[in-house]
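A quick write-up on the structure given underneath.
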Amino acid sequence: MLQIQFIRENKSTVLEGLAKRNFANAETIIEQALTADENRRATQVELDTTLAESNKISKEIGGFFKSGEIQKANILKEKTGQLKEKSKALSEGLVVFADELQTLLYQIPNIPHASVKAGNSAEDNETIFSEGAIPDLGESALPHWELAKKYDIIDFELGTKIAGAGFPVYKGKGARLQRALINYFLDKNIEAGYTEVQVPHLVNAESATATGQLPDKEGQMYHSNEDDLYLIPTAEVPITNMFRGNLMQESEFPICCTGYTPCFRREAGSYGAHVRGLNRLHQFDKVEIVRLEHPNTSYEALDGMVEHIKNILRELKLPYRILRLCGGDTGFTAALTFDFELFSTAQDRWLEISSASNFETFQANRLKLRFKNKEGKSEFAHTLNGSSLALPRVLAGILENYQTAEGIQIPDVLIPYCGFDTI
């Protein structure tokens, strides 16, 4: 979340940033937050003054008892009782104002980076790079869900039988290709300096709140009511929360982690042709990269993440493009996001396969993730994450773009991982 001090000192900048996002009632919520903060600070000052007065009187009481001035001591004791009642009421009021302020801050999204343009939706995103030849497959090209059935490598109906729509079963060479992609992505990330971690697939509410999934995306998350745990929508959540509450040293930067997890998203209300097959799932596999950076180097690190993802797609020889998201399409927690999309030749459409984002201090504020700078002062770190990569649509792109009359070819870089070159 945004720091209230930043909002207080940069109100016009905050409102301009929220306008880029088309954030409704921005001025009202900002004013409410500033008022709650003013009340909180005034109450804190009054409480501190009251406690100081109470402590002073307590010392005076001790002096009167020592000197035998019992009547004066008893008068002051009565006053300390009144001060205790007052401090109790002030403390309770302080909690109310602090809770009110936090609730309001949780509703305010991050401020977009200066390079982010205003916009309403995905239609306003900017294409900043494209690469790779789109193959000419002819009119006989099949979409991946038909290829999956033809070669018996993914069974959507069986998944529906077991769990419901959006939970496919990968079979035979389909399962092996899926595993090959996971191992390949992890190996590429490790080669690039990321440390592999294996993390829980469920998180508590504090973890989900710290990275911004709660309360913003509560409706998209699967929740175990009995244990009050959430199935993760991305490995970003548990990996980033590994560092929640930490006070780091400046010399520790950068911290780079990668991890594979299944991901779970309810995607309530999703339907239509655009969600067929692997295009939109409730459970899917993803390999994530997460970075903790010094604020001075975080955008250089983001550029490095983008180049890293580019190199993977080049090796897979898939046609792709990169979009810089507009304000209206940028996620709640992000300051700047680059989306990667590959072209699905059989579907004649672009499919999102990765997002690389810099959250600046937005997550770190909730995480209480700080570092000591060279002056010994505490600062919030910058957090970044990216998909490297999400598997379903990458797999869909391989099946569709590598299809031939004789079968589906396997990208050269994956053959050692698969143990076969054709499906």
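Everything quoted here is computed from the prediction, not taken from an experiment.
Phe253 and Phe371 have perpendicular rings, their planes meeting at more than 60° on a 0 to 90° scale where under 30° would count as parallel. Between Tyr320 and Phe129, the ring planes are tilted. Angles from 30° to 60° get that label.
Across all their heavy atoms, Ala356 and Val306 have their closest contact at CB-CG2, 4.4 Å. For Ile29 against Ala24, the heavy-atom pair with the smallest separation is CD1-O, 4.5 Å. Nearest heavy atom pair, residue Ala114 against residue Lys20, reads O-NZ, 3.4 Å. Residues Asn189 and Ser388 share a closest heavy-atom pair of OD1-OG, 2.8 Å. Residues Gln283 and Pro168 come closest through the heavy atom pair O-CD, 4.4 Å. When all heavy atoms of Arg393 and Leu278 are compared, the pair lying nearest together is CG-O, 4.1 Å.
A donor-acceptor pair is defined here as one N or O able to donate and one able to accept, closer than 3.5 Å; no such pair exists between the side chain of Ser357 and the backbone of Ala334. Of the possible donor and acceptor atoms, none in the side chain of Arg314 sits under 3.5 Å from a partner among the backbone N and O of Glu131. Remark: side-chain polar atoms of Gln403 are paired, donor with acceptor, to backbone N or O of Glu400 under 3.5 angstrom. Under a 3.5 Å cut-off, the side chain of Ser207 and the backbone N or O of Val203 do not form any donor-acceptor pair. With hydrogens and angles disregarded, a donor-acceptor distance shorter than 3.5 Å links the side chain of Glu252 to the backbone of Gln249. Side-chain N or O atoms of His282 include none that pairs as donor or acceptor with a backbone N or O of Phe167 at under 3.5 Å. No side-chain donor-acceptor contact under 3.5 Å links Thr297 to the backbone of Glu300. Proximity of a side-chain donor or acceptor of Asn241 to a complementary backbone N or O of Val237 within less than 3.5 Å is detected. With Thr404 contributing its side chain and Glu406 its backbone, the two residues share a donor-acceptor pair below 3.5 Å. Under the 3.5 Å distance criterion, the side-chain polar atoms of Lys368 are matched with a main-chain donor or acceptor of Asn365.
Counted by atom type alone, Asn125 and Asp339 present zero donor-acceptor pairs between their side chains at under 3.5 Å. Donor-acceptor pairing under 3.5 Å is lacking for the side chains of Asn279 and Arg276. Side-chain N/O atoms of His382 and Asn296 include no donor and acceptor closer than 3.5 Å. Side-chain contact check for Glu250 and Asn373: no donor-acceptor pair (N or O, by modelled atom type) lies under 3.5 Å. With 3.5 Å as the limit, one finds no donor-acceptor pair spanning the side chains of Arg176 and Tyr417. Between the side chains of Gln213 and Thr211, at least one donor-acceptor pair of N or O atoms lies under 3.5 Å. One side chain, Asp285 or Gln178, offers a donor N or O that lies under 3.5 Å from an acceptor on the other. A donor-acceptor contact under 3.5 angstrom links the side chains of Thr345 and Asn401, judged on distance only.
Salt-bridge annotation for Lys117 and Glu126: present, with a side-chain N of the basic residue lying under 4.0 Å from a carboxylate O of the acidic one. A salt bridge is defined here as a Lys NZ or Arg NE, NH1 or NH2 lying under 4.0 Å from an Asp or Glu carboxylate O, and Lys377 with Glu375 fails to meet this definition. Between Glu315 and Lys188 there is a salt bridge, with a side-chain nitrogen of the basic residue lying less than 4.0 Å from a carboxylate oxygen of the acidic one. A salt bridge links Lys310 and Glu307; the closest N-O separation between the charged side-chain nitrogens and carboxylate oxygens is under 4.0 Å. Between Arg8 and Asp37, at least one side-chain N (NZ, or NE/NH1/NH2) sits under 4.0 Å from a carboxylate O, which counts as a salt bridge.
Contact of the Glu288 side chain with the Thr258 side chain is not registered, since no non-hydrogen atoms from C-beta on lie closer than 4.5 Å. When side chains are defined from C-beta on, Asp329 does not count as touching Asp124, because their heavy atoms never get closer than 4.5 Å. When side chains are defined from C-beta on, Phe362 counts as touching Leu2, because their heavy atoms get closer than 4.5 Å.
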* To do: Give the C-alpha distance, both sets of side-chain angles, the deciding distance and a yes or no for side chain to side chain contact (heavy atoms under 4.5 Å, CB included) between Phe156 and Val169.
  => CA-CA 6 Å; Phe156 296 100; Val169 173; over 6 Å; no
* Val116 and Thr330: CA distance, side-chain angles, deciding distance, side chain to side chain contact (heavy atoms under 4.5 Å, CB included) verdict -> CA-CA 9 Å; Val116 175; Thr330 298; 4.3 Å; yes
* Evaluate side chain to side chain contact (heavy atoms under 4.5 Å, CB included) for Phe340 paired with Leu313, printing each intermediate quantity in order. => CA-CA 10 Å; Phe340 283 74; Leu313 292 170; 3.7 Å; yes
* Could you go step by step and tell me if Thr383 and Gln363 meet the side-chain hydrogen bond (donor to acceptor under 3.5 Å, both in side chains) rule? -> CA-CA 7 Å; Thr383 62; Gln363 286 185 333; 2.8 Å; yes
* Chi angles and distances behind the side chain to side chain contact (heavy atoms under 4.5 Å, CB included) call for Leu399, Ile153 -> CA-CA 10 Å; Leu399 296 180; Ile153 54 174; 3.8 Å; yes
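The environment of Lys317 atom NZ is sparse: at most 12 non-hydrogen atoms of other residues, nucleotides or ligands sit within 6.0 angstrom. Open room surrounds CG on Asp136; 12 or fewer heavy atoms of other groups in view lie less than 6.0 Å from it. In the displayed structure, Gln198 atom CD is contacted under 6.0 Å by at most 12 heavy atoms of other residues, nucleotides or ligands. Residue Lys372 places its NZ atom among 12 or fewer non-hydrogen atoms of other residues, nucleotides or ligands, all under 6.0 Å distant.
Taking the side-chain hydrogen bond (donor to acceptor under 3.5 Å, both in side chains) definition, one finds that Asn55 meets it with nothing, sequence neighbours left out.
Considering NE2 of His144 and CG of Leu147, their distance stands at 9.0 Å, rounded to 0.5 Å. Remark: Cys256 SG to Glu196 CD distance equals 14.5 Å, nearest 0.5 Å. How far CG of Leu181 is from CD1 of Ile312: 10.5 Å, rounded to the nearest 0.5 Å. Distance CD/Gln3 to CG/Asn10: 10.5 Å, rounded to 0.5 Å. Ile154 contributes atom CD1, which lies 14.5 Å from atom NZ of Lys173 (distance to the nearest 0.5 angstrom). Atom OG of Ser387 sits about 10.0 Å away from atom CZ of Phe185, to the nearest 0.5 Å.
Applying the side chain to side chain donor-acceptor pair (under 3.5 Å) test to pairs two or more places apart or on separate chains, those with a residue in residues 151-163 are Asp152-Lys171.
For an aromatic pair to be called close, the ring centres must be under 6.0 Å apart, and Phe264 with His201 fails this. Side-chain rings of Tyr222 and Tyr230 stay apart, their centers remaining 6.0 Å or farther from each other.
Judged by a 6.0 Å distance limit and a 45° cone about the ring axis, Lys286 is not positioned over the six-membered ring of Tyr260.
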Show the atom names and distances, to 0.1 Å, of all donor-acceptor pairs under 3.5 Å that link a side chain in residues 95-112 to residues at least two apart or in another chain.
residue	atom	partner	partner atom	Å
Thr103	OG1	Asp99	O	2.9
Gln107	NE2	Thr103	O	3.3
Asn110	ND2	Thr333	O	3.0
Asn110	ND2	Phe359	O	3.1

